[in-house]
Participant: 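Got a structure for you, written out below as structure tokens; questions coming shortly.
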Protein chains: 2
Amino acid sequence: MGRVPKVMTAQSRSPSGYATWRLIAEELRREIVGGARAPGAKLPPEAELAERFGVHRNTVRQAVSALAAEHLVVSRRGSGTYVAEHTVLVHRIGARTRLSDSLGSRGDASRRLLASAVEPEPPAEVTERLSLGGGAGLRLETASSVDGLPISRGTHWFAADRVPGLAERFSDTGSITAALRAVGIDDYVRAATTVGARHATVAEAADLSLTAGSVVLVTRSLDTLMDGTPLQLGITRFVAARVELDVGHPDLELDGPA
Amino acid sequence: MGRVPKVMTAQSRSPSGYATWRLIAEELRREIVGGARAPGAKLPPEAELAERFGVHRNTVRQAVSALAAEHLVVSRRGSGTYVAEHTVLVHRIGARTRLSDSLGSRGDASRRLLASAVEPEPPAEVTERLSLGGGAGLRLETASSVDGLPISRGTHWFAADRVPGLAERFSDTGSITAALRAVGIDDYVRAATTVGARHATVAEAADLSLTAGSVVLVTRSLDTLMDGTPLQLGITRFVAARVELDVGHPDLELDGPA
DNA sequence: TCAAGTTGTCCAGCTATCTAGACAACTCGA
DNA sequence: TCGAGTTGTCTAGATAGCTGGACAACTTGA
């Protein structure tokens, strides 16, 4: 592979608005999370990386320390820098799958309530998609993490009068499904989900322990009761570096008879 | 909203590795593609934006010109800066939906073949998921655009001996579905799709007319014949700023009887 | 025990980026 | 027609980040 893209050749920085060390960090991160460098593997020495990217070793060091800050690599003086265990969480998006399920399959996962509030006048999108019609909205802010690393932040909207006491129930269980069951809603399905991606806002970067400008996956989903009544509008921001979404296609059989 | 995050306070650059003007550009882009600023709407004057972000007007100008470079805004001397028509393409991911469908619903959309090649030894992932078993792989590189703006880049793998002449057929129609039909494959379905997001590589940024460090949505999908034989492994990079993925959930009825 | 290899720390100089200010060019409503 | 408002262009200076080099601290294998 020799020299690699060569974007960062000139002295100091490329005029892209991105610091050279950031571009290098992102390239190395791609190699790691993409699987080209397995956990436990040793990274090439800084001197070698510096030569490969055509920059000074100090610049590589800054890139590596950024990766170390997000626990993707661990450096040992005198020995080398090693890829850390980093397991990417695969979250399945399906009509009946919940984030709790994806988290539950893992060892040290948690989901917790950060805040809840009754909003007399929710944003237009919420009023519309939940068919609130002037009623108040209940907003829940949640956070999830795996192995102590933040995975996602979620904003969940409900019709306030349909789910009395939901916030308290959620705190008990860490599961929205369980909390809904506790307030009398036994079943619901995912009606629609859209997926986008963008740079994290400053606030999101802080919340998710990311450096500014990291990438987040954003899902917007609508859950409905079995009779089609809209139940929950959820907006979830996932740390793109640590999460992959799996879009199930279980509707194969549905097409046969049609 | 007053002053906004204030990340970029100090002189020169913030210590995040991102130039101040880039952070501002990304914030403005979020406001625009997020819908807070409608197409045709006038942006606040540069002086006002400068005050809001706590930077000099020149810094705002650099951010705005970056947005202008991606055709998200248009500046008119003496008048102001306006949000351009930018329509986000919504691409539905379902068992039987094709990118051609999403593109087809739009006015000036195109899809074209960039390259095709028979690879005697495809990457391990391809060999495995397509069950090539030592056979050669056919690789197609495609690009799609809407209104002259690049939307995606795709890499499509097939078993070379199962789809003779596919590349030529694709060039004719701009549709993989049509090309497959032309070589005798009438029907197939999406078996699995995963979605991730990350910063674009340097090469991708160039291919998709993006500035370095922009965000791309990455889907990896496997299509199979109706009998389950793997047919196509596709890796598509979408411009996150211009595309939203819609995950259909058409399998509601499937769960009832189960 | 030693030497090669690797990461950690420090410092001086250069340069791109941001700040600051001024003025030109143009639009649009009064 | 005029003037307020807005974008376009230019110059100059300050500073943080990148470069380049040297050396210390530590690990590992011979």
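Computed from a predicted model, the values in this text were never measured in an experiment. Each chain gets a letter, A, B and so on, in the order the sequences are listed, and its residues count up from 1.
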Participant: Whole-Å distance between dG20(D) C1' and Glu51(A) CD?
Facilitator: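 It works out to 15 Å between those atoms.
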Participant: dT6(C) C1' sits how many Å from Lys42(A) NZ, rounded?
Facilitator: 7 Å
Participant: Rounding to a whole Å, what distance do you find between His56(A):NE2 and dT15(C):C1'?
Facilitator: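 Value for this atom pair: 16 Å.
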Participant: Quick one: which of dT6(C), dT19(C), dG8(C) gets closest to the side chain of Val55(B)?
Facilitator: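 The nucleotide sitting nearest to the side chain is dT19(C).
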Participant: Find which nucleotide of DNA chain D each of Val60(A) and Gly78(A) is nearest to by heavy atoms, and output the residue with the more 5' nucleotide.
Facilitator: Val60(A)
Participant: In whole angstrom, what separates Glu46(A)'s CD from dA25(D)'s C1'?
Facilitator: 14 Å
Participant: Any N or O donor-acceptor pair linking the side chain of Asn58(A) to the base of dG17(D) at under 3.5 Å?
Facilitator: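 There is none.
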Participant: Is a donor on one side and an acceptor on the other found under 3.5 Å between the side chain of Arg30(A) and the backbone of His199(B)?
Facilitator: yes
Participant: Does this structure show an ion pair linking Glu31(A) with Arg52(A), if we count only N-O contacts that are shorter than 4.0 Å?
Facilitator: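 Yes, charged N to carboxylate O under 4.0 Å.
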Participant: For Arg61(A), which contact category applies under a 4.0 Å heavy-atom criterion: base, sugar-phosphate, or nothing?
Facilitator: base
Participant: Is it true that the side chains of Arg237(A) and Thr155(A) contain a donor and an acceptor less than 3.5 Å apart?
Facilitator: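 Side chains of Arg237(A) and Thr155(A): pair found under 3.5 Å.
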Participant: What's the CG-P distance between Leu43(B) and dG8(D), to the nearest Å?
Facilitator: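 Going from Leu43(B) (CG) to dG8(D) (P), I get 12 Å.
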Participant: Can you tell me how far P of dC18(D) sits from CZ of Arg22(A), to the nearest Å?
Facilitator: 11 Å
Participant: Please state whether the phosphate of dT7(D), meaning OP1 or OP2, lies under 4.0 angstrom from any side-chain nitrogen or oxygen of Thr81(B).
Facilitator: yes
Participant: What's Arg76(A) touching, base or sugar-phosphate or nothing? Going by heavy atoms closer than 4.0 Å.
Facilitator: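 Answer is sugar-phosphate: Arg76(A) comes under 4.0 Å of backbone atoms only.
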Participant: Does the side chain of Gln62(B) get closer than 4.0 angstrom to OP1 or OP2 of dT17(C) through an N or O atom?
Facilitator: no
Participant: Applying side chain to side chain contact (heavy atoms under 4.5 Å, CB included) to Ser152(B) and Val243(B), what does each step give before you reach the verdict?
Facilitator: CA-CA 9 Å; Ser152(B) 72; Val243(B) 178; over 6 Å; no
Participant: Check whether any side-chain N or O of Ser79(A) sits under 4.0 Å from OP1 or OP2 of dT6(C), and answer yes or no.
Facilitator: no
Participant: Under a 4.0 Å N-O cut-off, is there an ion pair linking Arg220(A) with Glu125(A)?
Facilitator: yes
Participant: Can you check whether Trp21(A) has a side-chain N or O nearer than 4.0 Å to OP1 or OP2 of dG17(D)?
Facilitator: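 Checking Trp21(A) against dG17(D): no side-chain N or O falls below 4.0 Å of OP1 or OP2.
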Participant: What is the separation between atom CG on Leu23(B) and atom C1' on dC18(C), rounded to the nearest whole Å?
Facilitator: 13 Å
Participant: Counting only distance, no hydrogens or angles, is the base of dG8(D) paired donor-acceptor with the side chain of Arg57(B) under 3.5 Å?
Facilitator: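 Present.
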Participant: Can you see if the side chain of Thr59(B) gets near the phosphate of dT19(C) - specifically, an N or O under 4.0 Å from OP1 or OP2?
Facilitator: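 Indeed, a polar side-chain atom of Thr59(B) lies that close.
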Participant: Name the closest nucleotide to the Arg77(A) side chain, picking from dT27(D), dC18(D), dT7(C).
Facilitator: dT7(C)
